[in-house]
Amino acid sequence: MHKKVEGTYGLKQKMLEGHNKKQIEALTHLNGPAMILSGPGSGKTEVVACRYLYLVRSKKMRPEEVLVLTLGPRAAFEIKNRICALSGSDYSGDNDFGSSVNIDTFQTICCRILREEAQKLGFGRNFIVYGEEDRFGLIRSILKEFKIHEALFRGIASRISNLKAEMIGHEEFLGKGGGFGFEEKLAKVYMRYQTELRKNNCLDHDDLVMYTVNLFQEHKSILSKWQNRVSQIMVDDFQDINPAQYSFVRLLGKESGNVFITADDDQGIFGFKGSKVEHISRFKEDFNNISVIHFEQSYRCTPCILNAAGAVIEGSPGRYKKKLKSERKSIKRKPQYFCGGTEADEASYIAQTVRELFLRGSYAYKDFGLLYRMSAQLRPIEKALRDEGIPYYVHAVCPLYLKSEVKDAIAYAKVVMNPNDSLSLGRIINSPSRGIGETTLTKTIDNARKDGVSLFEAFRKTSSSKKSQSKVKKLLDLIIRTGKSYNDAGKVIDVMLNKTGYMKWLSEEKEPDVRIKNINRLIEEASGRNLYEFLDHVSLFCECNEVKNADAVSLMTVYEAQGLEFPVVYMAGLEEGLLPHSHAPEQDNGKGIEEERRLLYVGMTRAKDVLYLTGAAKRRFYTRVQMQKPSRFLQDLSEDLCCTVKHASSANGSADLHTPPKQEKKTGDQMPFSVGVRVKHITWGNGVVRDLAGQGDSAKVTVNFPSVGVKCLSLKFANLEVI
DNA sequence: CAGTACGAAGTTTTT
DNA sequence: CTTCGTACTG
């Protein structure tokens with residue numbers, strides 16, 4: 001397994017050099033609980049990655065013994081990446097760690113555990129994990145059945161999720177009784193929701209953790225089995241874990257005590273999903289002899305950015321005081337605040353300054369991170385970027401999975417894996433048309449409820465007199481047969497869609513080419529994976545990491561940006577009602593505003609070199625245009641911490657940045673090049689035009705050549721060729 | 001039962 | 001301004 005013994009020494013050297021004393025203390029920490037209290041950019045992800053390698057390479061632990069838990073899939077991905085970079089191995093394929101790595105989100109790890117232990121909980125091993133859409137769909141149908149106003153569905157969905165995060169099961173909640181009005185309805189829906197999931201042999205995301213904890217609590221033998229399998233636990237971003245996740249860590253790690261956590265109470269931003277910063281102090285009480293290590297050196301932000309962010313977070317009560325230091329003194333750019341007239345002005349300011357900075361040559365597009373509070377802010381920004389011709393990538397649910405034909409395909413796969421998944425069966429029972437309309441479907445669902453069987457069974461029971469029923473029967477048989485014959489997810493989808501005539505039907509719909517291409521992309525992604533492996537991936541990690549290498553600006557919510565960093569960051573929408581959000585005060589017993597403050601802090605501290613804060617005076621929400629006041633948090637930023645710019649081109653307070661943009665699209669007719677055009681140079685090869693200046697003989701062109709970097713050339717002599 | 005047309009409602013934030 | 005759900009007609 002370990003290829004070279006001599007590599008171990010070299011690796012250790014490599015890990016130790018370039019790290020400060022605290023970091024080395026942390027990454028070589030071996031036994032007993034440890035807590036890293038760190039500020040942003042202090043290298044905690046790096047230390048988690050290094051310690052992993054330290055344990056596996058130097059201490060010869062098996063990779064599967066070391067459990068690394070993260071909140072989001074991106075953080076897990078980031079850690080794996082870092083380990084690859086450090087060890088020189090490639091994680092994407094099978095390497096010397098093999099598939100035995102346990103670096104993943106809580107949900108994914110719990111899902112893996114439950115795949116082994118599901119029977120103990122009364123679930124079949126072939127359970128399906130419901131994603132958000134399935135969850136909402138199921139709750140919606142229950143509301144309809146109970147004749148509860150559908151508008152309540154959002155509140156009910158989030159309450160159910162919160163209850164599970166607090167480990168309050170449906171029976172316990174109902175047992176508490178005493179509920180009137182909403183609470184009573186909630187209890188009723190929760191009850192039905194859970195029994196329905198169980199009947200369908202399905203779990204939602206919150207179930208994964210809750211049931212795993214239940215399992216550990218109720219079956220000591222199973223707990224000790226997993227305790228024995230895991231000798232080291234690391235948890236990243238501990239400030240953001242919820243009670244169920246805390247219980248999981250505690251149960252699994254209390255006995256050995258080998259729990260290593262990283263936390264920053266200033267970055268707790270997930271209160272709305274039941275996370276509690278208090279788990280940090282709870283950890284201190286529950287575990288004995290903790291080594292507490294403070295990381296106060298910031299390697300990411302410049303002092304200017306750190307000071308501004310510090311001023312924002314300082315107002316927050318009850319936090320551990322930290323004194324963060326930054327060594328990056330060479331760049332002295334203060335953050336800038338710009339307030340546009342409308343959200344469109346704000347967006348075009350962003351797009352224009354991105355372009356300007358890009359043309360200057362020191363930053364590639366992928367060095368920019370555009371962050372916002374909520375996804376509604378995305379559209380105007382996207383539009384402005386498109387208008388400027390700036391490539392961008394939105395970090396969100398993979399658009400492929402939103403396509404209806406892809407959802408259908410996945411539903412087919414789910415039904416094959418678990419015929420009792422009534423929601424998925426309901427989705428595909430009539431596409432392509434098998435003569436099962438609305439009425440038949442609801443009638444069959446009713447029958448299924450009455451008889452206490454799944455939809456699959458109910459369809460099977462109906463007498464096969466009519467033509468439609470023979471079609472349905474054929475489908476049901478095919479589902480069973482396919483499940484027995486194939487394990488490969490791609491093959492299953494392929495077989496199902498072809499044998500059911502779905503592909504034929506699709507080819508007669510409108511836009512058949514695109515949609516068939518979408519299906520083929522899905523099949524490609526599914527191929528070579530187990531059915532359950534693929535479906536788990538789809539419902540636990542809905543993002544595609546396509547075009548990873550493309551040079552594009554990143555767009556995402558601040559929540560998604562946690563743990564990431566960018567040389568240039570924009571925080572958009574710094575307005576009352578947006579950040580802090582208007583719903584914030586109701587949240588978390590009035591502590592909601594503080595969470596918004598931390599949100600801004602997280603956003604600001606993603607920036608390495610340059611930080612822009614933006615907002616708008618007027619913003620249209622859905623149909624209404626609203627006057628917006630600047631965010632209250634801006635008051636914490638005095639002029640010496642952050643300068644205010646009025647308009648994109650008339651920035652005077654920041655001469656170091658805003659040498660006014662010279663060329664305003666005056667594409668002189670003798671200028672054969674324009675920004676963004678690919679050109680070929682005789683010695684430097686291919687490049688992209690970034691800037692143009694001057695006319696005629698003195699015309700100059702700035703080109704970025706991937707091999708040699710940014711060059712400014714005189715057009716007269718350069719002999720460039722457009723390609 | 002399927003397809004179309006019109007009306008309504010809806011935007012925090014995530015695994 | 002969308003998307004989604006319902007109602008009506010063929």
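We name chains A, B, ... by the order of the sequence lines, and we start the count at 1 in each one.
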Between A/F283 and A/Y246, is the gap from one ring center to the other below 6.0 Å? no
So, is A/T557 near the phosphate of B/dT14, with a side-chain N or O under 4.0 Å from OP1 or OP2? yes
Set of side-chain contact (heavy atoms from CB on, under 4.5 Å) partners for A/V230, sequence neighbours left out: A/L67, A/I233
Would you jot down, in residue-number order, the residues of residues 267-278 of chain A having a non-hydrogen atom under 4.0 Å from DNA chain B? A/F270, A/F272, A/K273
Considering every strand and a 4.0 Å limit on heavy-atom distances, what is the contact class for A/R620: base, sugar-phosphate, or nothing? nothing
So A/T440, base contact, sugar-phosphate only, or nothing? Heavy-atom distance under 4.0 Å. sugar-phosphate
Could you state the CD-P distance from A/E150 to C/dC4, rounded to the nearest angstrom? 12 Å
Check the distance between C/dC1's C1' and A/R379's CZ and give it to me in whole angstrom. 8 Å
To the side chain of [X], which of [options] is closest?
X      : options               : answer
A/D206 : B/dT15, B/dT13, C/dT6 : B/dT15
A/T105 : C/dT6, B/dT15, B/dT11 : B/dT15
A/R154 : B/dC1, B/dT11, B/dT15 : B/dT11

Interatomic distance at C1', B/dT13 relative to C/dC4, whole Å: 23 Å
So which protein N/O to nucleotides 2-4 of chain B N/O distances come out below 3.5 Å?
unit_1: B/dA2; atom_1: OP1; unit_2: A/S433; atom_2: OG; d: 2.7
unit_1: B/dA2; atom_1: OP2; unit_2: A/N430; atom_2: ND2; d: 3.2

